[in-house]
Each structure stands twice: as structure tokens, then as C-alpha cells.
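Working notes, structure below.
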Amino acid sequence: MNFDFSDDQKLLQKTARDFLEERSPLAVNRNVLESDLHYDADLWSAAAEMGWQGATIPEEYGGAGFGYLELVLIAEEVGRSLAPIPFDSSVYLATEAILLAGNPEQKKNRLSALAAGEAIGTLALAEGRGEVHPNNIETRFEGGKLTGTKLAVANGNTASFAIVAAKAGDGVALALVDLSADGVTRSPVDSIDPTRSIANIEFKNTPAEPLGDAGQGWEVLQRVLDRGAIMLAFEQLGGASHVLELTKDFTMGRYAFGRPIASFQAIKHRLADLYAAVELAKSNCFYGAWALSTDSDELGIAACNARVSASTAFDLGAVEMIQMYGGVGYTWEYDCHLFYRRAKHDSVVLGSPAEWREKLVQRLVAKNAA
Amino acid sequence: MDFNDTPEEAEFRAEARTFLDKHVRPLKPGETAGGVLERDDPEIVKQAKEWQACKKDNGWACLTWPKEFGGRAVASNLNVVWNQEEGKYATAANIFGIGIGMLGPTIMAHGTDAQKSQHLERMARGDDVWCQLFSEPSAGSDLAGLRTSAVKDGDDWLLNGQKIWTTGAQFSEWGMIVTRTDPNVAKHAGLTYFIVDMKSPGIEIRPIKQINGDSGFNEVFFSDTRVPDSNRVDAVGNGWAVALTTLMNERSSIGAGGGGMRAEDLIRLAQDCTLNGRPAIEDSAVRQKIANFYVNASGLKYTGYRTLTALSRGTTPGPESSIGKMVGAPMAQELGSFATELMGITGSQISGPQETYLGSPGLRIAGGTDEILRNILAERVLRLPPEPRMDKKVAFREIPTAPPGK
């Protein structure tokens with residue numbers, strides 16, 4: 001039994017943490033939040049130089065050729081530091097979709113640009129409130145042209161291309177579309193976390209190419225989301241761990257009634273509960289990492305476990321952090337809201353925890369029946 | 001990351017299976033391993049002792065104990081491999097866990113040579129069953145507040161008082177007891193630890209009937225019970241340090257647990273029960289709830305894997321392992337409660353979920369309440385300040401035990 005990362009992998013993680021502590025303290029997240037920037041372009045380039053965006057891209061396409069166990073540890077650090085870079089949609093989702101379903105031409109054209117950080121990719125899924133489901137997709141992809149409107153597209157302002165879920169005949173297909181193409185209108189909308197900007201995107205007869213076999217788009221999408229969910233769960237884990245540390249330190253230093261507030265059971269017990277939530281999330285994330293790196297049959301269930309567990313821990317941490325900081329925690333000046341924003345964005349960006357719980361039960365029922 | 005056995009683990013596992021195949025049969029589907037003795041049944045005690053002796057004679061008892069005391073000095077991860085394999089067979093009840101897991105290591109650390117040679121080999125072989133006499137009616141979570149007294153009388157000590165929640169006292173040959181030998185000093189300083197012969201005159205054992213009808217625990221009364229000074233473990237007044245050794249070993253002897261209802265069972269139940277004219281499994285609120293149970297149960301399971309990995313590298317489990325019980329016990333209670341309600345009117349009839357519902361409150365208290373476990377995590381893992389103490393520097397007899405004037 002060896003349910004842990006290797007020393008080399010941990011060293012890589014340490015390097016990523018050191019780099020981000022130096023280059024992306026919370027002030028950097030705040031700079032992006034308070035400006036019209038959508039991300040930190042210099043940080044994005046520096047990450048690309050270290051091979052982060054290309055971690056799972058084969059070397060023949062310009063990638064670093066690490067592996068998923070390495071990528072998730074980098075993701076944990078990106079999440080911990082709240083780094084304002086479009087890692088989620090570009091690295092976990094768009095890159096994964098092309099790796100899974102792209103033809104040789106698409107891989108050649110897209111992957112090296114993604115690895116170099118020159119391209120930012122995204123998925124465009126939602127068309128209304130609530131879950132994304134084949135029944136509520138109306139965007140059409142016919143004769144190489146895409147028409148319809150997608151909402152709250154992650155990094156929609158800055159992405160260079162999108163993978164769009166659209167109706168083709170009766171089924172759902174994935175269309176790969178350059179966002180600089182004719183007939184694309186982007187409308188930025190306010191994001192709960194402006195360091196993870198979003199936009200609505202309208203397509204009018206926009207030229208696009210199919211990604212993967214027609215009729216299998218929905219199935220491919222589910223695989224992409226499962227794999228992305230595990231990677232994002234590590235970001236959430238990193239965020240939750242950081243929240244626990246910061247809140248612990250704050251409550252140790254804050255005195256009331258002549259004692260550090262961390263000496264009150266009302267505080268201690270809540271931190272213990274948060275600790276337990278973080279540990280459960282960590283264990284579920286580890287299992288997800290294993291499933292991802294081995295492409296296990298358990299990947300679907302492992303993805304649900306990791307996503308639900310990590311969302312629970314990060315959401316709980318972000319909520320409790322403000323409460324335990326007290327009044328100052330609700331101010332713009334303190335950093336609590338940076339975590340509060342990111343936690344909720346992460347909870348919904350791949351579909352809400354409720355959707356993933358539903359998906360989990362579907363999969364468990366199917367597994368029991370088998 | 002690799003879930004497979006190391007070559008050493010695989011070899012040990014194969015060896016364990018060979019032994020088990022020769023002496024016991026594998027469990028049938030739905031059958032549970034070992035089981036716990038809840039009543040004083042001489043036949044079950046006899047079977048348990050025979051199985052322990054068989055293990056000892058073949059080198060499978062007390063695997064982590066040093067060789068000089070009859071163990072095999074294997075690493076913790078191999079002990080886990082053994083537990084996993086033994087758990088697949090229809091073995092006798094294990095009534096030796098407290099002795100071998102907690103009290104044996106205490107004797108090794110604090111006992112005299114005479115105590116070691118008198119007891120450890122017999123304990124390992126299952127000749128003697130041991131019980132732990134710590135808790136008292138007014139000293140549960142506040143363990144050091146115990147009042148059972150030991151007063152020196154020549155070469156003996158005279159014990160008076162009452163212990164409670166004593167597992168297996170009915171069929172134990174020996175007990176380990178913490179007593180108060182000096183009420184005039186601060187409470188942790190006035191304690192002394194003894195080995196007591198459970199058949200001594202002046203001991204009365206009364207089983208406690210629990211809310212689930214079982215009687216795993218007892219009250220034990222001491223009236224001028226005579227204990228020779230040679231049975232004292234460590235110095236007079238040093239009982240708290242000895243008790244801590246016992247409690248630390250309690251943590252590492254707690255296994256993966258198991259038993260009770262699982263999240264997967266809940267799916268089958270929800271497929272059988274009806275809600276709103278359809279199978280309850282089709283109800284969204286039911287599905288959300290099941291998912292949460294499953295995610296948390298998975299988190300605990302994989303946390304166990306992480307612990308196993310740490311064990312295989314030679315570390316001992318630390319206070320972090322408290323989260324298993326802290327999360328698992330209330331979850332068992334919620335699961336039992338939820339499943340019972342899912343069954344509608346028939347939920348009042350005893351079957352699996354109701355047993356989990358009735359048994360789970362005890363899980364949240366025994367071995368440290370939810371609240372104590374949170375304190376442990378907060379103070380020993382997160383290093384938050386300890387609870388302020390009103391009783392630490394006061395002589396024990398001056399510590400208030402009731403509101404003023406009562």
C-alpha cells in the first residue's frame with residue numbers, strides 16, 4: 001500500500017508553492033480583482049515557462065510531459081494561492097477535451113499553443129439557470145456553423161477558443177470554435193470572483209469544427225468534466241487548507257475577554273470540524289488523483305467524491321473564516337472575501353455540488369445493478 | 001501511488017491466509033467476522049480463548065509485541081494486513097483487544113520484571129482476559145477526577161469505590177485500575193495504578209443494560225478489596241502517566257471499525273421503500289442525502305489508506321486519527337436515523353437500520369466523546385490553546401463537585 005505522492009512529486013509541489021508565495025501573494029489576486037484585468041498575464045507566462053500548462057501534454061506537442069499526479073499538486077498550490085490565472089478552464093477542461101477527443105490536426109494546432117500559454121481555452125456549456133442537460137441545449141451546430149448563446153463562460157473574455165456543447169441533429173456534439181471568428185459577440189458579466197472572469201458569448205453562424213465523433217459529444221463532455229473535477233478539487237483543497245491555516249493563526253492572535261479567542265471551545269470545535277472536512281477532502285482528492293493517473297474504472301465515482309468533498313471543505317472554510325474573523329472579516333481590506341469569492345466560484349463552475357451528488361447516486365445505482 | 005501490497009506485505013498476507021485456511025472457514029456472504037461478546041456466555045469465552053491459543057502457538061498472536069514478551073515484533077502495516085485477512089474468516093469473538101492492545105503495552109512500559117513475566121505470556125496466549133477499570137460515575141471525560149480510593153494497609157492496599165463502563169469485567173481474570181491514593185495534592189498527582197485480581201473478595205460486578213438491550217459494560221464495586229503492593233504499576237502518585245500510556249495505546253489499537261449500516265446499503269433500502277408513489281431512490285432529497293453519506297464514508301476510508309501508508313513507513317498513528325470516530329460515529333447515527341425514517345411505519349420494526357440507530361449514541365461517547373475528540377484535534381493537531389483549568393493546582397479534596405450549598 002502506497003497511498004501518497006512520491007518524494008519527487010512533493011518536491012515539485014514545494015517548488016510550485018515557493019514560486020507562488022513569492023510571485024503570487026494574495027495582493028496579486030487583489031490587484032486583478034480591483035482592476036479591469038481578467039488575469040495576471042505575466043504570471044500566466046511564467047507558469048508556462050515552468051511547464052505547468054503543458055503538464056499533461058505530450059512532449060511532441062510542446063508539453064512538459066509530467067503527468068496527472070504532478071499536475072494535481074500544482075493545482076493544489078494554484079488553489080492555495082488563489083493565483084489569478086485561467087488554469088481551470090484552459091488546463092483542466094479545454095486541454096483535456098483536446099487530449100481526449102481531438103484529431104491529430106487539432107492536437108497539433110492547439111496543444112502546443114496551450115502548453116506555451118499562448119492560447120487560453122474554455123468550455124461553453126450553460127444556456128440557462130441550473131444544470132446543463134441535453135434537454136436544455138438549444139445552440140445548434142450544423143454545416144460547420146454554430147448558432148446560439150452561452151452563459152457565464154469561464155474566462156470568456158480572454159479565451160482564444162471555446163469548446164461548445166451544441167445540438168447536432170438529435171444529439172449533442174462538441175464544436176471547437178475560435179473566439180476571434182466571425183459572428184462571435186462576447187459580453188462580459190460580473191463574476192462573483194472577478195479573478196475568474198466570465199462572459200456571455202453569442203454565436204451567429206460562426207464557423208466551427210467538430211471535436212470528436214458526432215453523437216458522442218455528451219459522453220466526451222462527461223469524461224472531460226469528471227477529469228477536470230478531480231483537478232479542480234485539488235485547487236479547492238489548496239484553498240481550504242490555506243483558509244484553515246490563516247483562520248487558525250488569526251484566532252490565536254486575536255484576544256477577547258483576556259484570552260486568545262482560539263482558546264474558546266466554540267472556536268476550537270469549529271476549527272476541528274473544518275480540519276476534519278479538509279482531511280476528508282484530501283483523502284477523496286488523493287483517490288481521485290489515483291483514478292485519474294491510472295484511468296481507473298472508478299474514475300467517475302472518484303470524481304464525484306472529490307468534487308463534493310472538496311467543495312464542501314472550501315465552502316465551509318470560506319464561510320467559517322469570515323465568521324471567526326468577526327467584523328473585520330467582512331471588510332474589503334481583509335482577505336477573507338478573496339477566499340469566499342473563489343470558493344463559491346469553484347463550487348459552481350463545473351456544475352454545483354448538488355448536480356455532482358446526483359451524478360454520484362446515478363453511478364452508484366448503476367454499479368450496484370451491474 | 002499504488003494500492004498493491006509491497007512484496008513484503010504480499011508474502012505476509014499469503015502466509016496469513018495459509019494459516020487461516022488451515023484453522024478456520026471463510027465468512028459466508030452477509031456474515032460478520034468475530035463479533036463482540038455482550039453477555040457472560042462461558043461457551044463463547046471458551047471458544048475465544050481456544051482461538052487465541054491457536055494463534056499464539058502458531059506465531060499469529062500479538063504480532064506487534066516484542067519477541068521477548070511472546071510477540072513477533074512485526075511492523076504496524078503487517079499487523080493491518082493480518083487484521084484484514086483475519087476479518088474475512090469466521091473466527092471467535094475477540095475479547096482480548098483491551099488487554100493485548102492497551103494493557104500489555106502498559107505493563108511493558110511501566111511494570112516490574114515480575115509483573116512482566118507473570119502476565120504477558122499468559123495474556124498473549126489468551127489464558128487470562130483483562131479489563132480496564134478507569135471510568136467512574138462522576139469521572140468520564142474528566143478522567144483524572146476519579147474517586148476510587150486505595151489506602152495502604154501493611155503490604156497491601158485497600159480499594160474502595162466504584163468503576164463504570166468496564167467492558168468484559170464479567171469474564172476477566174485481571175483488571176488494571178487507577179485509584180486515588182492522595183486527595184491532598186492536585187488531582188493528577190494523587191493517582192496510583194494497580195493490577196487487580198478480578199476474583200478478589202470485595203469485588204462486585206453488575207452488568208449494565210444498554211439502550212440497545214446489550215450488556216457489554218459493567219459497574220464494578222470495590223469494598224475493602226485487598227491488592228498486594230507487588231501489583232502496583234510504577235510509583236505511588238505516578239498513576240496518571242501510566243494511564244496515559246494505556247490511553248495512547250487505545251488509539252493505535254482501534255481498527256478500521258466496520259459493522260453497522262453502510263451508504264451502499266442505504267441505496268438498496270431506498271430502492272425497496274416507497275415515497276410519493278415511487279421508489280424512494282427516485283426522490284431527489286433522498287439521493288442528495290445518500291450522496292453525502294457516501295462521500296464522507298469514502299473520505300474516511302481513504303483517510304484510512306493514508307494512515308496505512310504512514311504506518312508502512314514506520315510511523316505510529318497520531319492524534320489525527322481521532323477524526324475517524326469524530327466523523328464516523330455521528331454519521332452512523334444519522335444514517336440509522338435516516339434509514340429508519342425512510343422505512344415509514346415499518347421503521348419502528350427492528351432490523352439493520354434500527355440497530356444502527358440504537359447502537360450509535362454509544363459510539364459517540366465511548367473512547368472519548370465527540371466533544372473531547374474535537375478538543376484533541378484542536379489542541380494536539382492544530383495546537384490551539386488548552387482549556388483553562390480551575391482544578392489543576394488545587395488539592396483534589398477542595399475541587400467543587402456540585403453547586404455551592406448543595
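Computed from a predicted structure; not experimentally measured. Letters A, B, ... mirror the listed sequences (proteins, then strands); counts begin at 1.
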Taking all heavy atoms of [X] and all of [Y], pick out the closest pair and write down the distance.
X        : Y        : result
B:Leu27  : B:Gly87  : CD1-O, 3.3 Å
B:Ala332 : B:Leu363 : CB-CD1, 4.3 Å
A:Gly51  : A:Ala64  : O-CB, 3.6 Å
A:Gly329 : A:Cys336 : O-CB, 3.5 Å
A:Val278 : A:Leu237 : O-CD1, 3.8 Å
A:Leu99  : A:Pro58  : CD2-CD, 3.8 Å

More than 12 non-hydrogen atoms from neighbouring residues, nucleotides or ligands closer than 6.0 Å to CZ on B:Phe12, yes or no? yes
Atom OH of A:Tyr334 with >12 non-hydrogen neighbours under 6.0 angstrom: no
Would you mind checking which part of A:Ile267 comes under 4.5 Å of any heavy atom in chain B, side chain (CB onward), backbone (N, CA, C, O), both or neither? neither
Under a 4.5 Å heavy-atom cut-off, does chain B meet the side chain of A:Met252, its backbone, both or neither? side chain
Is [X] in contact with chain A via its backbone, its side chain, both, or neither, using a 4.5 Å heavy-atom distance?
X        : answer
B:Met326 : side chain
B:Val381 : side chain
B:Leu373 : neither

Does the side chain of A:Met321 reach to within under 4.5 Å of the side chain of A:Tyr325, using non-hydrogen atoms? yes
Beyond-backbone contact of A:Leu292 with A:Leu71, side-chain heavy atoms, under 4.5 angstrom: no
If you count heavy-atom pairs within less than 4.5 Å of chain B, which of A:Ala272, A:Ala306, A:Ala277 leads? A:Ala272
Heavy-atom pairs under 4.5 Å with chain B are the metric here; pick the option from A:Leu271, A:Val365, A:Leu364, A:Val308 that has the most. A:Leu364
Determine the option with the most heavy-atom pairs under 4.5 angstrom with chain A, choosing from B:Ile267, B:Leu382, B:Val327. B:Leu382
Let's test your reading of the structure: which of B:Leu311, B:Leu377, B:Leu384 forms the most heavy-atom pairs below 4.5 Å with chain A? B:Leu384
Find the N and O donor-acceptor pairs between chain A and chain B that sit under 3.5 Å apart.
unit_1   : atom_1 : unit_2   : atom_2 : d
A:Met1   : N      : B:Asn4   : O      : 2.8
A:Met1   : N      : B:Glu9   : OE1    : 2.8
A:Asn2   : N      : B:Asp2   : O      : 2.7
A:Asn2   : O      : B:Asp2   : N      : 2.8
A:Asn2   : OD1    : B:Arg313 : NH2    : 3.0
A:Phe3   : N      : B:Thr309 : OG1    : 2.7
A:Asp4   : OD2    : B:Arg313 : NH1    : 2.9
A:Lys248 : NZ     : B:Leu382 : O      : 3.1
A:Gln265 : NE2    : B:Asn375 : OD1    : 3.3
A:Lys268 : NZ     : B:Glu379 : OE2    : 2.6
A:Lys268 : NZ     : B:Pro385 : O      : 3.0
A:Lys268 : NZ     : B:Glu387 : OE2    : 2.5
A:His269 : NE2    : B:Glu371 : O      : 3.4
A:His269 : NE2    : B:Asn375 : OD1    : 2.8
A:Asp273 : OD1    : B:Arg374 : NE     : 2.7
A:Asp273 : OD1    : B:Arg374 : NH2    : 2.9
A:Asp273 : OD2    : B:Arg374 : NE     : 3.4
A:Glu279 : O      : B:Arg306 : NH1    : 3.4
A:Glu279 : OE1    : B:Arg306 : NH1    : 3.3
A:Glu279 : OE1    : B:Arg306 : NH2    : 2.9
A:Ser283 : OG     : B:Thr303 : N      : 3.4
A:Ser283 : OG     : B:Thr303 : OG1    : 2.6
A:Ser283 : OG     : B:Arg306 : NH1    : 2.8
A:Asn284 : OD1    : B:Gly299 : N      : 3.3
A:Asn284 : ND2    : B:Val295 : O      : 3.2
A:Asn305 : ND2    : B:Ser298 : OG     : 3.3
A:Ala354 : O      : B:Gln288 : NE2    : 2.9
A:Arg357 : NE     : B:Asn292 : OD1    : 2.9
A:Arg357 : NH1    : B:Gln288 : OE1    : 2.8
A:Glu358 : OE1    : B:Arg287 : NE     : 2.8
A:Glu358 : OE2    : B:Arg287 : NE     : 3.0
A:Glu358 : OE2    : B:Arg287 : NH2    : 2.9

